[in-house]
Amino acid sequence: MSMRRDENKHSRLVTRLLGQPVYRLLLVGVIMIGLIPVGILGFRLYQVAWNDAWREINEKHRMLAMNLASPLHIYVKDRLAMLDMMAQEIETASRTQLNVSASERLMQSAFTRMMGFRAIALVAPAGQTRALIHQGSRLPKGDMRFASETCFVKTRNTVASAISNVKFSPTDGAPTIILSQPVRSASGSLMGVLIGELDIEPIEQLRRNIHFGNHGHSAIVDKTGHVIAHPNSQWMKDIHDISDWSIVRDMMEGKTGVAEFYST
C-alpha cells in the first residue's frame, strides 16, 4: 500500500509539473541555469578564502612558536653559562681543595648580581650540601637534600653540566628547572657540583605576551608534557601533566607544526 501511495504522489507531481505553462518552465530553467554556476563559483571562492586564511594562521602560529623558542633557549643557556663562571671562580678560590667559606662568599656575591635564580647550592660529591643560598638568604648546610637529585647525580657521574625538566624544588618545593655544573680541581677531578634553581616567572612573562584572538591563550610545557607556564596558575603550581593532549604528544615525538585539537 505504501509503495502505491508513493507512486501515486510521484505521478501527480509529474502531472502538475507538465501541466505548468511553458513560459513558467522556461523561467525556472533559466533561473536554475544561472544559479548553479554562481553557487559553484561562490563555493570555490569560499574554499580558496578558507584555505588562504588557514595557511596564514598556520604560518603565524609556527612563527610565534619559533620566535618564542629562541628567548627560552637563551634564558636557560645564559644561566648555565653563569653557573660555569661561578664554578670557575670557586675553582680558583679553592685551589686544590674546596674552601667552603670562600665558596659561600663568592656564591653570595654572585647571587646578588645574577638574575633568574631562585637558589644556588654547592654540593660535595658525596651529596652533602656545603653551601646553600635561597633568594639572598643562607640556609642550613650539611643536609642531603640534593644527594638524589637527577642533575646532581648526572653531573657527578659524567663531570658535565645537566638541565632538568620542570620539577619541584628540593629547597622549598616550588616549581623550578634545575641546572648543574661541575666544580673541578686543578687536576681536573670533581670537587663538587654547583646546583642552580631557575626562576620560571620570566618564562611565564614571555607566555603572557602571546595572545590568540579574544579568548585564546598559550602554554609552555617541558619535553615530558608538564606545564611550565600556563594561564591557570594552579596548573603551574601543580606542574600539571597535559601529555595526553594530541598537540603535546606530537611535540613529545619531535614533530613540529600547527594542529587543531579540543581541550577543556
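What you see is a predicted model; the values in this text were computed from it and never measured.
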Any side-chain heavy-atom pair of [X] and [Y] under 4.5 Å:
X: S180; Y: V123; value: no
X: R145; Y: L132; value: yes
X: S233; Y: E204; value: no
X: N51; Y: Q47; value: yes
X: V221; Y: H230; value: no

Side-chain heavy atoms under 4.5 angstrom apart, residues restricted to Ile, Leu, Val, Met, Phe, Trp, Tyr: same cluster for F152 and M144? no

Donor-acceptor contact below 3.5 Å, side chain [X] vs main chain [Y]:
X: E149; Y: C151; value: yes
X: T155; Y: P182; value: no
X: R156; Y: L190; value: no
X: D222; Y: V166; value: yes
X: R79; Y: M115; value: yes

Report yes or no: do D84 and Q88 form a side-chain donor-acceptor pair below 3.5 Å? yes

Pair E56 + K60, salt bridge at N-O below 4.0 Å: yes

E201 bridged to R208 by N-O distance under 4.0 Å: yes

Working to the nearest 0.5 angstrom, can you tell me the gap between [X] [atom1] and [Y] [atom2]?
X: I133; Y: F117; atom1: CD1; atom2: CZ; value: 12.0 Å
X: S164; Y: I177; atom1: OG; atom2: CD1; value: 6.5 Å
X: T176; Y: N165; atom1: OG1; atom2: CG; value: 12.0 Å
X: R207; Y: Q205; atom1: CZ; atom2: CD; value: 11.0 Å
X: Y75; Y: I203; atom1: OH; atom2: CD1; value: 6.0 Å
X: S169; Y: I195; atom1: OG; atom2: CD1; value: 11.0 Å

For W235 and H240, take the angle between the two ring planes, folded into 0 to 90°, and tell me which bin it lands in: parallel under 30, tilted 30 to 60, perpendicular over 60. parallel

I'd like to know whether R55 forms a salt bridge (Lys or Arg N to Asp or Glu O under 4.0 Å) with E59, so could you lay out the CA-CA distance, the side-chain angles of the two residues, the decisive distance to 0.1 Å, and finally the verdict. CA-CA 6 Å; R55 189 180 302 109; E59 290 173 356; 5.5 Å; no

Identify the two heavy atoms, one from [X] and one from [Y], that lie closest to each other, and give their separation to 0.1 Å.
X: S243; Y: V248; value: CA-CG1, 3.8 Å
X: P175; Y: R118; value: O-CD, 4.3 Å
X: D172; Y: A174; value: OD1-N, 3.1 Å
X: L80; Y: I163; value: CD2-CD1, 4.2 Å
X: H226; Y: T224; value: ND1-OG1, 2.8 Å
X: P125; Y: G192; value: CD-CA, 4.0 Å

More than 12 heavy atoms from other groups under 6.0 Å of CE on M85: no

Does atom NZ (K167) have a neighbourhood of more than 12 heavy atoms from anything else shown, all under 6.0 Å? yes

Derivation of the side-chain contact (heavy atoms from CB on, under 4.5 Å) call for M86 and I90: CA-CA 6 Å; M86 190 186 303; I90 293 173; 4.3 Å; yes

